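When a ligand or atom number is given, it counts from 1 through the structure's own listing order. Source: prediction; values computed, not measured.
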Amino acid sequence: MDGCLFCRIIKGEIPCSKVYEDEEVFAFHDISPQAPVHILVLPKKHIPDLSEMKEEDCGLMGKLVWAASSIAREKGFAGSGFRLVVNTKESAGQSVFHVHMHLMSGRNFHWPPG
Ligand code: 5GP
Ligand code: ZN
């Protein structure tokens, strides 16, 4: 989608530190990491936020979770634990409106989150 930061990163118009890519999924390191491991996992399809997910996106969203889990295994932090977060709308902390999962690891996380 024109003007979307993450669509531009996926297209290669803006550089990123890529972690994983397939036909439907893209993952790269967050520019402002909030944990020793902080990777963003997103669909190539432009969906603004989770509230706009459709039933037809179920497989795609499942694939995102699978990609995150695979990245965790391949990078060796699956066993020590990780957190997967999807901020939805400004009130929940969303600042880029192309749906994405934060895959975070390498430190202890608090519950409930702030
Ligand atoms: P949100 O706040 O929408 O849940 O998450 C957006 C994330 O994108 C933030 O953690 C922010 O640091 C990251 N981010 C914003 N702009 C860029 C960028 O240009 N490159 C990368 N790699 N990450 C970005
Ligand atoms: Zn987009």
Side-chain angles (χ1 to χ4, degrees):
M1 184 204 169
D2 285 352
C4 170
L5 174 65
F6 285 175
C7 283
R8 294 190 66 197
I9 288 176
I10 291 163
K11 280 194 258 176
E13 293 173 4
I14 295 173
C16 73
S17 174
K18 187 163 79 175
V19 173
Y20 174 82
E21 179 175 14
D22 65 27
E23 322 78 59
E24 296 178 300
V25 178
F26 200 87
F28 54 96
H29 290 283
D30 197 292
I31 204 167
S32 176
Q34 302 301 309
V37 176
H38 189 169
I39 295 166
L40 301 175
V41 184
L42 47 146
K44 289 186 173 177
K45 176 180 177 180
H46 180 88
I47 301 169
D49 68 52
L50 262 194
S51 77
E52 301 202 33
M53 176 186 168
K54 300 190 169 67
E55 191 172 0
E56 69 195 31
D57 300 320
C58 284
L60 177 60
M61 300 309 286
K63 196 164 179 195
L64 286 190
V65 177
W66 171 84
S69 168
S70 299
I71 291 166
R73 280 193 299 275
E74 280 169 22
K75 292 202 170 286
F77 59 85
S80 59
F82 58 85
R83 183 170 281 185
L84 207 49
V85 175
V86 185
N87 298 324
T88 303
K89 308 285 188 191
E90 290 95 335
S91 64
Q94 187 177 7
S95 59
V96 179
F97 293 88
H98 179 129
V99 76
H100 52 279
M101 293 180 174
H102 296 258
L103 171 60
M104 306 170 84
S105 186
R107 66 171 172 85
N108 290 328
F109 296 96
H110 301 291
W111 194 264

Pull out every atom of ligand 1 sitting under 4.0 Å from any heavy atom of Ser32, numbered as shown with elements. 12 (O)
Min heavy-atom dist Gly93 to ligand 1 below 4.0 Å: yes
For atom 1 (P) of ligand 1, which candidate among Gln34, Met101, His100 holds the nearest heavy atom? His100
For Phe6, the ligand 1 atoms with a heavy-atom partner under 4.0 Å come out as 8 (O)
Just to be sure I read this right, does ligand 1 sit under 4.0 Å from the backbone of Ile31, its side chain, both, or neither, counting only heavy atoms? both
The closest protein heavy-atom partner of atom 9 (C) of ligand 1 is Asp30 OD2, 3.3 Å
Please tell me if the side chains of Val99 and Met101 come closer than 4.5 Å, counting only heavy atoms from C-beta onward. no
Measure from the Zn ion (ligand 2) to every N/O/S atom of His46 and report the name of the nearest one. ND1
Atom 16 (N) of ligand 1: the protein heavy-atom neighbour that sits closest, reported with distance to 0.1 Å: Leu5 CD2, 3.3 Å
His29 heavy atoms within 4.0 Å reach ligand 1 at atoms 22 (N)
Contact atoms of ligand 1, heavy-atom distance to Asn87 under 4.0 Å: 4 (O)
Would you kindly specify which portion of Leu40 sits under 4.0 Å from ligand 1, judged on non-hydrogen atoms: side chain, backbone, both or neither? side chain
